[in-house]
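Data first, discussion second: the structure below is written as structure tokens.
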Amino acid sequence: MVEPLVRLDKITKVFGDGPTAFQALRGIDLAVEGGDFVAIMGASGSGKSTAMNILGCLDTPTSGRYFFKGVEVQALTRDQRALLRRRYIGFVFQGFNLLPRMSALENVELPLIYRGEPAARRKSFAMAALAQVGLEPWASHKSNELSGGQQQRVAIARAIVTRPQMLLADEPTGNLDSETSFEIMRLLRELNRGLAVTVIMITHEAEMAAFASSVVRLRDGLVEQRELAS
């Protein structure tokens with residue numbers, strides 16, 4: 001039996017102690033196969049962002065087990081988790097998180113700098129990533145010279161430049177107009193299908209979730225249901 005790319009087994013997360021403690025996750029079970037495209041939906045406070053942070057190795061669960069490619073993540077050291085994050089996971093955020101004084105190319109190169117890649121290799125990989133999102137002609141433009149949709153494309157290029165196996169997108173269209181949102185979602189779907197990148201996306205918009213292959217709905221820290229996207 002093939003192990004899923006990621007598997008959450010009875011994951012809980014509690015913030016705080018004593019009477020003020022808040023249980024954000026109450027025993028999440030979730031498996032995502034390699035190459036899948038999953039949308040996570042739920043009301044505010046349902047546990048979406050907490051689950052995403054655990055999947056991205058940005059936080060650790062209170063109890064339960066998280067497996068990535070069959071490896072139990074909690075058994076790794078802090079440095080090993082950071083290495084897993086750098087090597088296998090890309091992140092796309094609602095707010096783009098680009099550095100305004102740097103060019104699109106320089107922003108995309110950043111993850112490769114953290115990995116210690118030489119300059120020529122960084123530039124080659126970053127230009128290839130920009131080409132994949134249709135922004136190669138804008139490589140020298142600073143991020144504050146780009147439209148919102150172009151900035152999000154740069155952010156996606158930065159996320160895929162390390163050739164991750166999993167892309168985590170947290171409300172990637174939240175700051176975009178409708179037309180641009182659909183453009184970004186079509187791009188994510190193309191990357192999912194063309195590069196076989198596993199995409200896990202948080203969204204509150206059903207129209208955006210419809211681009212995924214399945215939708216996981218969270219409610220009060222639990223998986224309420226999982227269904228095929230319409």
Side-chain angles (χ1 to χ4, degrees), residues 1-11 25 27-42 47-61 64-76 80-93 108 111-112 114-115 125 128-129 131-133 152-153 155-173 184-203 208-218 223 225-230:
M1 185 175 179
V2 179
E3 181 77 17
L5 179 66
V6 297
R7 178 162 61 90
L8 302 182
D9 182 15
K10 297 178 176 57
I11 291 290
L25 298 178
I28 292 284
D29 291 320
L30 178 67
V32 178
E33 306 293 334
D36 204 355
F37 189 158
V38 177
I40 298 178
M41 302 187 74
K48 303 187 303 298
S49 295
T50 302
M52 184 72 85
N53 287 339
I54 289 173
L55 287 168
C57 300
L58 299 172
D59 201 355
T60 55
R65 297 192 295 173
Y66 170 28
F67 296 90
F68 186 90
K69 298 187 69 175
V71 174
E72 188 169 356
V73 174
Q74 293 97 302
L76 303 177
Q80 288 172 326
R81 290 196 299 272
L83 184 61
L84 185 157
R85 194 166 56 243
R86 288 199 301 269
R87 293 285 178 179
Y88 295 100
I89 305 174
F91 297 88
V92 179
F93 303 99
V108 175
L112 300 175
Y114 300 145
R115 277 175 44 163
F125 278 24
Q132 285 176 316
V133 302
Q152 190 61 294
R153 284 176 179 267
I156 292 171
R158 182 184 57 194
I160 65 172
V161 73
T162 57
R163 302 178 183 179
Q165 293 192 18
M166 180 168 69
L167 189 63
L168 300 179
D170 190 355
E171 297 281 6
T173 62
I184 292 300
M185 291 310 305
R186 283 191 288 268
L187 173 60
L188 288 177
R189 186 169 61 186
E190 288 168 9
L191 294 172
N192 167 248
R193 294 175 177 177
L195 300 181
V197 177
T198 303
V199 179
I200 302 177
M201 173 185 71
I202 288 179
T203 183
M208 304 302 114
F211 282 85
S213 55
S214 64
V215 178
V216 174
R217 299 184 185 276
L218 299 187
V223 174
Q225 66 183 63
R226 183 169 183 170
E227 61 198 23
L228 295 177
S230 57

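Residues satisfying the salt bridge (charged side-chain N to carboxylate O under 4.0 Å, His left out) criterion with R115, sequence neighbours excluded, are E117. Partners of R7 under the side chain to side chain donor-acceptor pair (under 3.5 Å) rule, at least two apart in sequence or in another chain, are E3.
Looking at heavy atoms from C-beta onward, D9 lies in side-chain contact with D29 at the 4.5 angstrom threshold. Inter-residue side-chain proximity for P4 and V32 is flagged as unmet; no heavy-atom pair is nearer than 4.5 Å. Annotation: side chain of V92 is in contact with side chain of Q152 (closest heavy-atom distance under 4.5 Å). A 4.5 Å side-chain heavy-atom check between V71 and L84 finds every atom pair outside the cut-off. Counting heavy atoms from C-beta on, the side chains of P172 and L188 come closer than 4.5 Å. The side-chain heavy atoms of I184 and I156, taken from C-beta on, include a pair separated by under 4.5 Å. Side-chain contact between L168 and I89 is present, with heavy atoms from C-beta onward closer than 4.5 Å.
Ring planes of F91 and F93: parallel class, angle under 30° (limits at 30 and 60°).
R81 places a side-chain N or O within donor-acceptor distance of the main-chain N or O of L76, the cut-off being under 3.5 Å. Side-chain atoms of Q74 come within 3.5 Å of backbone N or O of G64 as a donor-acceptor pair.
Rounding to the nearest 0.5 angstrom, the gap separating the CD1 atom in I200 from the CG atom in L167 is 9.5 Å. Distance check: I40 CD1 to R226 CZ gives 9.0 Å after rounding to the nearest 0.5 Å. Distance check: L55 CG to T198 OG1 gives 11.5 Å after rounding to the nearest 0.5 Å.
In this structure, R163 satisfies the cation-pi test against F125, with its NZ or CZ atom closer than 6.0 Å to the six-membered ring centre and inside 45 degrees of the ring normal.
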Quiz item: Would T173 and M185 satisfy side chain to side chain contact (heavy atoms under 4.5 Å, CB included), going step by step from the backbone distance to the final call?
Solution: CA-CA 8 Å; T173 62; M185 291 310 305; 3.9 Å; yes
